[in-house]
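First the structure, in the form of structure tokens, and then the observations on it.
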Amino acid sequence: MTLDELNDFTVEVPSWAYGNSGTRFKVFARPGVPRDPYEKISDAAQVHRLTGLAPRVSLHIPWDVVDDWNDLRAHAEKLGVRIGAINSNLFQEDDYRLGSLCHPDPAIRRKAVDHHLRCLDVMRQTGSTDLKIWLPDGLNYPGQDSLRGRQDRLAESLRTIYDATDDDHRILLEYKFFEPHFYSMDIPDWGTSLLHCLALGDKATVVLDTGHHAPGTNIEFIVMQLLRVNKLGAFDFNSRFYADDDLIVGSADPFQLFRIMSEIVSVGAHRPESKVNFMLDQCHNIEEKIPGQIRSVLNVEQALAKALLVDQGALATAQREGDVLGANAVLMDAYETDVRATLADRREERGLPRDPVAAFAASGYADTVAAARVGGTQAGWGA
């Protein structure tokens with residue numbers, strides 16, 4: 001394999017990454033933060049303009065609701081990007097205190113289902129084909145509700161949503177092993193997500209968020225298994241040290257990111273025809289938003305470039321011959337290769353800046369929007 005296979009590789013960026021975020025203790029505001037979805041997309045377009053890697057922007061409903069979806073779509077396309085996955089929100093209404101798609105009350109389950117039907121309408125108007133569902137439902141105490149009953153309700157709710165999808169739509173079903181609930185999450189792991197997707201049909205696939213696992217989990221093993229059964233629909237790339245930290249991807253463990261991308265490359269799933277959607281899910285709490293997103297997509301590209309350098313023939317030979325250290329050395333040789341100059345050369349050849357982060361700083365865009373975006377309400381959690 002060669003680095004030419006990077007040519008068609010892209011990463012989807014999230015609209016919420018450009019808003020104010022923080023910790024459980026405080027949300028940190030910065031000048032120039034977008035006040036509406038149009039300004040979020042304008043910021044996201046800067047990432048693609050400087051990297052050539054981020055032509056899609058995920059939206060979050062209701063945070064990104066506008067009066068005219070066709071107009072928002074046209075705004076994105078004018079800036080050289082398009083609308084990506086539509087993310088539903090089931091975690092910010094009082095009605096969902098005891099769950100949404102799994103709630104004991106059928107009226108509240110219906111409300112949650114109807115929200116997803118509205119998301120499907122947004123997809124039709126924006127040209128999106130992916131509905132991403134992260135389910136925050138779960139229990140804090142043993143006996144609080146029936147574990148099995150909640151799975152039955154979830155299956156029924158998902159079936160209603162799935163049956164309303166169009167032929168070109170997909171459901172991307174996310175999992176998370178803890179938080180916001182601590183006794184049990186209703187989709188705590190990839191196996192639970194996979195079981196529901198298998199029951200639903202071909203248009204349902206699993207989303208793997210790299211921050212949604214217990215410490216020590218072998219994430220590349222999960223990647224491999226989902227690829228084996230053609231059920232890996234998308235990634236949410238980020239980094240974590242303790243929990244779901246949503247930090248810049250590759251910042252905590254770049255070797256893990258390389259191992260994940262190596263599994264991807266080994267079966268050609270980095271190519272567009274695989275239909276695996278590589279997405280970011282990050283909140284930039286103390287760093288600048290746009291440079292944080294630029295750094296993230298560059299980190300993914302760098303990990304993929306190193307994975308493409310793995311000598312697959314030599315690796316297969318060493319594995320067949322039981323050469324333990326030799327096989328490991330093939331991987332390590334690729335990982336330890338410094339590809340930064342090579343990737344900078346490729347960007348320059350394509351009319352892109354060698355250093356996108358420095359190019360953004362020199363562009364004056366941050367100062368321009370800080371001066372222009374005065375007044376109104378800055379976007380952030382819940383907006």
Side-chain angles (χ1 to χ4, degrees), residues 1-15 17-18 32 34 38-58 74-85 235 237-239 248-251 254 257-258 260-261 264-265 269-274 276-282 284 287-309 334-335 337-370:
M1 295 183 181
T2 69
L3 294 189
D4 288 342
E5 296 207 36
L6 290 170
N7 292 344
D8 297 322
F9 180 77
T10 60
V11 180
E12 186 169 309
V13 296
S15 66
Y18 305 96
Y38 289 86
E39 293 179 348
K40 291 180 186 179
I41 289 175
S42 296
D43 286 2
Q46 294 297 308
V47 180
H48 185 54
R49 182 179 69 84
L50 295 169
T51 67
L53 289 168
R56 299 179 308 282
V57 186
S58 304
H75 171 72
E77 292 172 353
K78 181 179 179 180
L79 294 173
V81 296
R82 64 183 189 274
I83 306 302
F235 281 93
F237 276 129
N238 49 53
S239 279
I248 289 172
V249 59
S251 59
L257 181 59
F258 165 76
I260 291 170
M261 297 311 294
I264 290 286
V265 166
H270 58 292
R271 302 184 183 114
E273 56 266 28
S274 75
V276 176
N277 193 357
F278 298 90
M279 304 187 289
L280 303 181
D281 181 8
Q282 298 174 14
H284 301 288
E287 67 270 29
E288 292 182 74
K289 320 298 182 183
I290 298 174
Q293 289 284 282
I294 291 172
R295 176 55 57 202
S296 291
V297 299
L298 294 179
N299 286 353
V300 176
E301 181 190 43
Q302 183 170 300
L304 175 56
K306 291 183 176 186
L308 288 168
L309 294 179
Y335 176 67
T337 300
D338 190 345
V339 297
R340 290 175 295 177
T342 301
L343 293 176
D345 290 344
R346 289 186 77 256
R347 282 191 288 272
E348 196 168 53
E349 292 167 2
R350 299 165 65 199
L352 297 166
R354 291 183 64 83
D355 183 344
V357 175
F360 176 74
S363 71
Y365 180 87
D367 291 337
T368 298
V369 297

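Below, each value reflects all heavy atoms present in this structure, side chains not excepted, and no hydrogens, waters or symmetry copies.
- Minimum heavy-atom separation, Asp43 to Pro34: OD2-CG, 3.2 Å.
- Without hydrogens or angle criteria, Ser15 side chain to Ser58 main chain gives a donor-acceptor distance under 3.5 Å.
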Exercise. With side-chain contact (heavy atoms from CB on, under 4.5 Å) as the test, would you mind laying out the steps for Leu6 and Leu304 before giving the verdict?
Key: CA-CA 8 Å; Leu6 290 170; Leu304 175 56; 3.5 Å; yes
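- The backbone N or O of Phe237 lies less than 3.5 Å from no partner atom in the side chain of Asp281, so there is not a single donor-acceptor pair.
- In terms of heavy atoms, Ser296 sits closest to Val249 at O-CG1, 3.4 Å.
- Remark: Lys306 is positioned above the aromatic ring of Tyr335, its terminal NZ or CZ atom under 6.0 angstrom from the ring centre and at most 45 degrees off the axis.
- In this structure, the side chain of Lys289 engages the main chain of His284 through a donor-acceptor pair within 3.5 Å.
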Practice problem: Please step through side-chain contact (heavy atoms from CB on, under 4.5 Å) for the pair Thr10 and Arg56, ending with a clear verdict. | Solution: CA-CA 8 Å; Thr10 60; Arg56 299 179 308 282; 2.8 Å; yes
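- Here the straight-line distance linking atom CG of Leu280 with atom CD1 of Ile248 works out to 10.0 Å at 0.5 Å rounding.
- Relative orientation of the Phe360 and Tyr365 rings is tilted, given thresholds of 30° and 60° on the angle between their planes.
- Met279 and Ala85 get closest at one heavy-atom pair: SD-CB, 4.0 Å.
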Self-check item: Leu50 vs Leu352, side-chain contact (heavy atoms from CB on, under 4.5 Å): CA-CA, chis, key distance, verdict
Solution: CA-CA 6 Å; Leu50 295 169; Leu352 297 166; over 6 Å; no
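- Note that CG of Asp345 is 13.0 Å distant from CZ of Arg340, once rounded to the nearest 0.5 Å.
- Side-chain contact between Ile290 and Tyr18: present, with at least one pair of heavy atoms (C-beta onward) separated by less than 4.5 Å.
- With rounding to the nearest 0.5 angstrom, the CZ atom of Phe258 is 8.5 Å from the CG atom of Leu309.
- Scanning both residues, Ser251 and Ser239, for their nearest heavy atoms gives N-OG, 3.2 Å.
- Between Ser42 and His75, the side chains place a donor N or O and an acceptor N or O closer than 3.5 Å (distance only, hydrogens not considered).
- The structure places CZ of Phe9 at 9.5 Å from CG of Leu308, a figure rounded to the nearest 0.5 Å.
- Within the model, atoms CZ of Phe235 and CE of Met261 stand 7.0 Å from one another, a figure rounded to the nearest 0.5 Å.
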Quiz item: What's the verdict on side-chain contact (heavy atoms from CB on, under 4.5 Å) for Asp8 and Arg271, showing C-alpha distance, side-chain angles and the deciding distance?
Solution: CA-CA 7 Å; Asp8 297 322; Arg271 302 184 183 114; over 6 Å; no
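- Within the model, atoms CG of Leu53 and CD of Gln293 stand 12.0 Å from one another, a figure rounded to the nearest 0.5 Å.
- Taking every heavy atom of both residues into account, Gly80 and His48 meet most closely at O-CD2, 3.5 Å.
- Side chain to side chain, Arg346 and Asn7 meet the donor-acceptor criterion of an N or O pair below 3.5 Å.
- A salt bridge does not link Arg347 with Asp355: every distance from a Lys NZ or Arg NE/NH1/NH2 to an Asp or Glu carboxylate oxygen is 4.0 Å or more.
- Put simply, the side chain of Ser274 gets close to the backbone of Ala269: a donor and an acceptor are under 3.5 Å apart.
- Residues Asn277 and Glu12 meet the side-chain proximity criterion, which asks for heavy atoms closer than 4.5 Å.
- The pair Glu77-Arg82 does not count as a salt bridge, with every side-chain nitrogen at least 4.0 angstrom from each carboxylate oxygen.
- Counting all heavy atoms, side chain and backbone alike, Val81 lies closest to Ala54 at CG1-O, 3.9 Å.
- Proximity of Asn299 to Pro254: side-chain heavy atoms (C-beta onward) are nowhere separated by under 4.5 Å.
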